[in-house]
Amino acid sequence: MDTKLRAILPDHDLLKMYEQMVLCREFEESCAEQYTKGHITGFLHLYSGQEAVAVGATAALRKDDYILSAYREHAQAIVRGTDPRRVMAELFGKSTGICKGKGGSMHLFDPELSFMGGYAIVGGQFPIAVGLAFAAKFRQEGRIAACFFGDGAVNQGNFHEGLNWARVWELPVLFFCENNHYGIGTSVERSSALADIHKRTCGYDIPSERVDGMDVMIVHQAVKHAAEWVREHSRPYLVEALTYRFRGHSMADPGKYRAAAEVELWKERDPIPGFAGRLISEGIVGQEQLDAIREKAVVTVQEAVRFAEESPWPEEGEVFTDIYV
Ligand SMILES: Cc1ncc(C[n+]2csc(CCOP(=O)(O)OP(=O)(O)O)c2C)c(N)n1
Ligand SMILES: [Mg+2]
């Protein structure tokens, strides 16, 4: 991108995006440690490598826009504003968790912040996003539903039904594909007849584009434009961001299906040092300030872990509350 950062956003916003990416990375790496210690159990899918996507996109949305995601969603919740302590406590299964410890890693939910989950069923978020957008349109609220999903979700019937109804009913849904090139161990090329995911919307007359998901500013600008378009026209739009997860699918995945050289190549495009380099070279910040931002993130995550450790387990009587029976 040739344009100077300051021409796009004020320093404060640029630094905030850097801060959020660093916080997400620290949070996820700490989760990995807590998992190996046995403090986090069950499935754990980490976001390291994909930070530019959640951060760039969320910053381009309105505060009351709905956000939905899949099960790799700690970063999306934290960037939206959920207290990292309550996210970590949720992962630990503690009563202070954002879902009282009953949802766990894959089912974060924070309706006060319009963060509507957290879905472990691949593609489970599509019909819900479409329904939320329908409600928003019906109530004339002017907000949109931003629906994050992986490349692995686009061969689900839900994806196609969602696109179809969003277009037929002219609903304000921003479909946002985080194409990290793999659904568990299967590459997009092996699972999709048309690997250019953004092109798949042509069957539903929905505009779309593909962007570099390792560049927070590119993601931000694309989503800003897309979200404005969705709001203005009350019509769906799809953005596909090309990204990469640095870790395995989940903590249980040794990742044997990817060549080490491929992973290394993508790590060279790590969105965090890449953005740091630009902030420095454009005179927006110095190395000392960047170090201080990292230090602050480390402390925030340490506090989140301590909070989770010290929090009580849910009471036995809680077993039957907040559930469908
Ligand atoms: C309906 C359904 N089918 C299969 C699974 C098993 N499964 C869990 S994750 C996953 C891959 C999804 O990949 P992608 O959408 O690309 O997300 P990523 O893990 O790359 O973030 C599959 C098939 C599931 N959870 N739900
Ligand atoms: Mg994927």
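Since the model is a prediction, treat every value here as computed from it, not as a measurement. Side-chain atoms are counted along with the backbone in the values below, which use heavy atoms only and exclude waters and symmetry mates. Ligands are counted one by one from 1 in listed order, and the atoms in each one are counted from 1 as well.
Between Tyr71 and ligand 1 there is a heavy-atom distance shorter than 4.0 Å. For Ala153, the closest heavy-atom approach to ligand 1 falls below 4.0 Å. At least one heavy atom of Gln156 sits closer than 4.0 Å to an atom of ligand 1.
Taking the centre and axis of the six-membered ring of Trp313, the NZ or CZ atom of Lys94 falls inside the cone set by 45° and 6.0 Å. In this structure, Arg143 forms a cation-pi arrangement with Tyr66, its terminal cationic atom sitting closer than 6.0 Å to the ring centre and no more than 45° off the ring axis.
Heavy atoms from both the backbone and the side chain of Asp151 come within less than 4.0 Å of ligand 1.
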CA sep, side-chain torsions, deciding dist, call: Arg86, Glu90, salt bridge (charged side-chain N to carboxylate O under 4.0 Å, His left out): CA-CA 6 Å; Arg86 298 197 67 201; Glu90 186 60 38; over 6 Å; no
Verdict with supporting geometry, Phe246 and Trp266, ring-ring contact (aromatic ring centres under 6.0 Å, His included): CA-CA 8 Å; Phe246 292 164; Trp266 279 93; 8.5 Å; no
Evaluation steps, ring-ring contact (aromatic ring centres under 6.0 Å, His included), between His233 and Trp229: CA-CA 6 Å; His233 295 87; Trp229 190 91; 4.4 Å; yes
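Annotation: Ile121 places no N or O atom under 3.5 Å from an N or O atom of ligand 1; distance criterion only. No N or O atom of Arg245 sits closer than 3.5 Å to an N or O atom of ligand 1.
In this structure, the protein non-hydrogen atom closest to atom 25 (N) of ligand 1 is Ala120 O, 2.9 Å. If you check which protein heavy atom lies closest to atom 23 (C) of ligand 1, you get Ile184 CD1, 4.0 Å.
Within a 6.0 Å sphere centred on NZ of Lys102, heavy atoms belonging to other residues, nucleotides or ligands number more than 12.
Angle OD1 (Asn180) to the Mg ion (ligand 2) to O (Tyr182): 90°, rounded to 10°.
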